[in-house]
Amino acid sequence: MRRVQVWTTPFDDQRPGTSGLRKKVKVFQQPHYLENFVQSIFDVLKDYRGGTLVLGGDGRFYNREAAQIILRIAAANGVGKVLVGRGVILSTPAVSCVIRKHRAFGGIVLSASHNPGGPDGDFGIKYNVANGGPAPEAITEKIFARSLEIDAYHIVDAADVDVDTLGSGQLGSMAIEVIDPIADYAALMERLFDFDCIREHLQRGFRLRFDAMHAVNGPYAHAILEEKLGAPAGSVVRGESLEDFGGLHPDPNLVHARSLVDALAQEDGPDFGAATDGDGDRNMILGRGFFVTPSDSLAILAANATRVPGYADGLTGVARSMPTSSAIDRVAESLNIACYETPTGWKFFGNLLDADRITLCGEESFGTSSNHVREKDGLWAVLFWLNLVAATRKPVAALVREHWQQFGRTYYTRHDYEQVDSAAAGDMMSALRGELPKLPGRRYGSLEIVGADEFAYDDPVDGSRSEGQGLRIHLDGGARIVYRLSGTGTEGATLRVYIEAHQMDSSKHDDDPQRALEEQIRAAAELARIAHFTNRTAPTVIT
Ligand code: VG1
Ligand code: CO
């Protein structure tokens with residue numbers, strides 16, 4: 001065993017994004033790039049020596065190479081033990097579950113989530129802390145700062161570790177245990193949900209289709225939905241995990257999970273459809289010919305939580321990311337519990353969950369979860385919906401429509417302008433920021449602006465402040481337009497425009513949100529002069 005010290009040139013593009021470091025595979029393959037980042041993590045951590053680290057990822061291209069490098073650096077930095085998912089596989093929520101269950105000091109997730117994979121695709125790495133959740137901003141900023149000044153990393157010289165056989169091994173003085181990626185996670189799901197009730201509903205002929213999008217959740221879904229719950233073989237489609245996700249975007253939305261949406265539109269199609277993303281933390285829920293928006297999904301789960309064993313005692317509070325629709329706010333109000341509004345990104349929910357101020361939380365970007373882990377959890381959301389449908393014996397669409405009857409309907413849409421010139425996107429945001437004070441009182445057709453601000457968040461638990469979290473335009477009647485730039489893209493900038501409006505009167509409900517939000521959508525484009533700055537007259541993706 002030899003301790004090698006390699007002098008590196010610092011990389012200045014390891015700035016933390018919404019969800020860890022995400023770049024093209026080719027960037028990560030540069031000499032010392034990954035090493036630089038991983039060493040920076042250990043350099044800023046304290047008290048980890050001798051402790052346990054969890055390592056796993058979504059199975060994408062470069063995961064296995066990266067894992068070997070990380071294991072060698074971990075061994076050289078005095079990590080006591082690493083728990084590795086077999087084949088370097090662990091969904092993001094499973095990493096969170098394993099960290100918590102085995103009292104690890106942290107974990108490393110290898111994933112670029114829903115971004116495409118393969119040699120020309122994306123790769124990503126994210127550090128999670130002892131609570132199982134993404135490292136808070138204070139830590140990610142320190143890792144970034146360290147990555148700029150670092151001049152060496154420590155690595156042991158050793159042959160590749162066998163990560164495909166369950167059991168214990170050794171790398172220098174560090175223990176390695178290759179674990180079943182599914183067992184701990186599946187056991188947690190069985191504790192939270194009424195598996196018997198779901199199983200009986202399936203036996204009564206209820207048909208589900210789960211689209212794993214050739215991503216990490218295929219094996220989890222086979223084990224839980226088919227083997228444990230008894231859904232017929234074939235209920236899980238695209239269940240084989242592939243390094244390049246079969247060339248697709250493993251992104252569970254109406255565009256990228258089109259074949260699932262089409263199957264659910266068939267008269268004799270399945271009763272329930274669901275899909276999850278590359279690393280298994282996002283979810284899309286469909287009923288027969290019916291799409292549940294993620295913001296509505298969060299609100300409906302909260303309103304019905306006590307029907308599910310894991311939440312039978314009720315919720316302490318709920319939270320949503322700022323751009324997520326206010327549908328959940330109305331549920332919180334009726335339950336008389338707190339509703340927190342956090343910046344985009346799961347890391348901001350961690351403190352609220354740890355302090356037991358909230359039980360459920362979610363984002364408009366197809367992310368929902370609870371205090372059972374500290375990540376969003378795709379399969380958990382699917383099981384929650386299955387449990388609700390089975391317990392009430394009501395179809396998805398009926399549950400949603402009943403919710404709208406009671407709470408009104410919150411129309412919601414997100415317009416993404418992808419691969420926009422970064423400078424142009426920055427200019428647009430600066431210009432709009434400068435306009436904010438002048439906007440209140442201005443009218444667009446029948447809409448009136450009643451307020452405009454830039455969102456900043458003061459964490460009520462640790463007092464930290466996060467600024468520059470999106471520009472908000474508040475319209476008369478509670479409607480809202482939000483602008484922010486994505487922190488997960490790997491090419492140019494992505495401008496996200498979030499638009500919502502609430503309609504209490506169910507006789508006025510329109511089944512096409514784009515039509516219902518027509519005026520707000522037009523105002524959103526004009527207000528920020530999107531076409532002027534970006535040269536785009538239409539978004540690239542509408543959800
Ligand atoms: C996007 C979503 C955000 C989510 C993040 C990570 O970030 O908007 O809600 O938390 O992706 O999700 P951004 O900065 O591009 O808007 V995942 O499933 O990619 O880890
Ligand atoms: Co994801």
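Quick note: numbers below take in every heavy atom, side chains included, and nothing from hydrogens, waters or symmetry partners. Owing to the predicted nature of the structure, the values given are computational and were not obtained by experimental measurement.
A donor-acceptor contact shorter than 3.5 Å is absent between the side chain of Arg288 and the backbone of Ala397. Without hydrogens or angle criteria, Asp281 side chain to Pro93 main chain gives no donor-acceptor distance under 3.5 Å. Asp296 places no side-chain N or O within 3.5 Å of a backbone atom of Val292 that could act as its donor or acceptor partner. In this structure a side-chain-to-backbone donor-acceptor pair under 3.5 Å is missing from Arg103 to Arg100. Using modelled atom types, one side-chain atom of Tyr483 and one backbone atom of Ala524 make a donor-acceptor pair closer than 3.5 Å. Between the side chain of Arg207 and the main chain of Gly269, a donor-acceptor pair closer than 3.5 Å is present. With hydrogens and angles disregarded, no donor-acceptor distance shorter than 3.5 Å links the side chain of Asp251 to the backbone of Asn253. Of the possible polar contacts, one joining the Asn131 side chain to the Gly133 backbone as a donor-acceptor pair under 3.5 Å is found. The closest donor-acceptor contact from the side chain of Glu363 to the backbone of Gly345 lies under 3.5 Å. Side-chain atoms of Gln503 do not come within 3.5 Å of backbone N or O of Tyr411 as any donor-acceptor pair.
Atom CZ of Phe349 is separated from atom OG of Ser321 by 5.5 Å, given to the nearest 0.5 angstrom. We find the CD-SG distance between Glu375 and Cys97 to be 12.0 Å, quoted to the nearest 0.5 Å. Put simply, CZ on Phe291 and CD1 on Ile285 are 10.0 Å apart, with the number rounded to the nearest 0.5 Å. For the atom pair Leu225 CG and Met189 CE, the distance stands at 11.5 Å (nearest 0.5 Å). The structure places OG1 of Thr316 at 8.5 Å from CG of Leu353, a figure rounded to the nearest 0.5 Å. Within the model, atoms OG of Ser111 and NZ of Lys126 stand 7.5 Å from one another, a figure rounded to the nearest 0.5 Å.
Side chains of Leu264 and Pro270 form a contact here, defined as non-hydrogen atoms less than 4.5 Å apart. The closest side-chain heavy-atom distance from Glu402 to Lys394 is below 4.5 Å. Side-chain contact between Arg60 and Phe245 is present, with at least one heavy-atom pair separated by less than 4.5 Å. Side chains of Pro309 and Phe195 form no contact here, defined as non-hydrogen atoms less than 4.5 Å apart. Inter-residue side-chain proximity for Arg414 and Thr293 is flagged as unmet; no heavy-atom pair is nearer than 4.5 Å. Proximity of Leu254 to Thr543: side-chain heavy atoms (C-beta onward) are nowhere separated by under 4.5 Å. The shortest distance between side-chain heavy atoms of Arg282 and Lys376 falls below 4.5 Å. Looking at Arg320 and Glu341, their side chains come closer than 4.5 Å, going by heavy atoms from C-beta outward.
Closest non-hydrogen pair, Asp211 versus Ser259, comes out as OD2-OG, 4.2 Å. Across all their heavy atoms, Asp194 and Asn387 have their closest contact at N-OD1, 2.9 Å. Between Glu226 and Gly234, the shortest heavy-atom distance links the atoms OE2-N, 3.2 Å. Heavy atoms only, all atoms of each residue included: Met213 and His256 are closest at CE-O, 3.2 Å. In this structure, Asp164 and Gly87 approach most closely via the heavy-atom pair OD1-CA, 3.3 Å. Closest approach of Ser369 to Trp380, counting heavy atoms only: CA-CZ3, 3.4 Å.
Side-chain atoms of Arg496 and Ser365 include no donor-acceptor pair closer than 3.5 Å. Residues Asn128 and Ser96 have side chains that never bring a donor and an acceptor to within less than 3.5 angstrom of each other. Counting only N and O atoms by type, the side chains of Ser295 and Thr324 include no donor and acceptor under 3.5 Å apart. Side-chain atoms of Thr276 and Asn217 include a donor-acceptor pair closer than 3.5 Å. His102 and Asp184 form a side-chain donor-acceptor contact under 3.5 Å, judged by distance and modelled atom types alone. Donor-acceptor pairing under 3.5 Å is recorded for the side chains of His415 and Gln514. No hydrogens or angles considered: a donor-acceptor pair under 3.5 Å links the side chains of Asp377 and Tyr185. A donor-acceptor contact closer than 3.5 angstrom links the side chains of Asp277 and Ser113.
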* To do: For Leu388 and Leu301, run side-chain contact (heavy atoms from CB on, under 4.5 Å): C-alpha distance rounded to whole Å, both residues' side-chain angles, the deciding distance at 0.1 Å, then the answer.
  => CA-CA 8 Å; Leu388 285 185; Leu301 298 189; 3.9 Å; yes
* Asked: Can you check side-chain contact (heavy atoms from CB on, under 4.5 Å) on Arg409 and His502, steps first, answer last?
  -> CA-CA 6 Å; Arg409 182 166 177 181; His502 185 248; 5.9 Å; no
* Taking it one step at a time, do Asn115 and Thr488 satisfy side chain to side chain donor-acceptor pair (under 3.5 Å)? -> CA-CA 9 Å; Asn115 294 15; Thr488 60; 5.3 Å; no
* Asked: So Thr410 and Arg330, side chain to side chain donor-acceptor pair (under 3.5 Å) or not? Walk me through it.
  -> CA-CA 10 Å; Thr410 312; Arg330 282 177 273 278; 2.9 Å; yes
* Go through the steps to decide whether Asp279 and Val95 satisfy the test side-chain contact (heavy atoms from CB on, under 4.5 Å), and finish with yes or no. => CA-CA 10 Å; Asp279 60 330; Val95 169; over 6 Å; no
* **Intermediate values then yes/no, salt bridge (charged side-chain N to carboxylate O under 4.0 Å, His left out), Asp511 and Arg401** => CA-CA 11 Å; Asp511 269 330; Arg401 291 195 188 281; 3.7 Å; yes
* Taking it one step at a time, do Ile328 and Leu360 satisfy side-chain contact (heavy atoms from CB on, under 4.5 Å)? -> CA-CA 10 Å; Ile328 179 96; Leu360 291 192; 5.9 Å; no
* To do: Please lay out, stage by stage, how Asp120 and Lys26 fare under the test salt bridge (charged side-chain N to carboxylate O under 4.0 Å, His left out).
  => CA-CA 7 Å; Asp120 298 316; Lys26 298 245 150 52; 2.7 Å; yes
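Ring geometry, Phe290 versus Trp404: the interplanar angle falls from 30° to 60°, so the pair is classed tilted. Below 30°, between 30° and 60°, or above 60°: for Phe193 and Tyr311 the angle between ring planes is between 30° and 60°, a tilted geometry.
In Glu333, the CD atom is not crowded: 12 or fewer heavy atoms of neighbouring residues, nucleotides or ligands sit closer than 6.0 Å. Taking a 6.0 Å sphere around CZ of Arg204, one finds it holds more than 12 heavy atoms contributed by other residues, nucleotides or ligands. For Asp313, the CG atom counts as loosely surrounded, since its 6.0 Å shell holds 12 or fewer non-hydrogen atoms of other residues, nucleotides or ligands.
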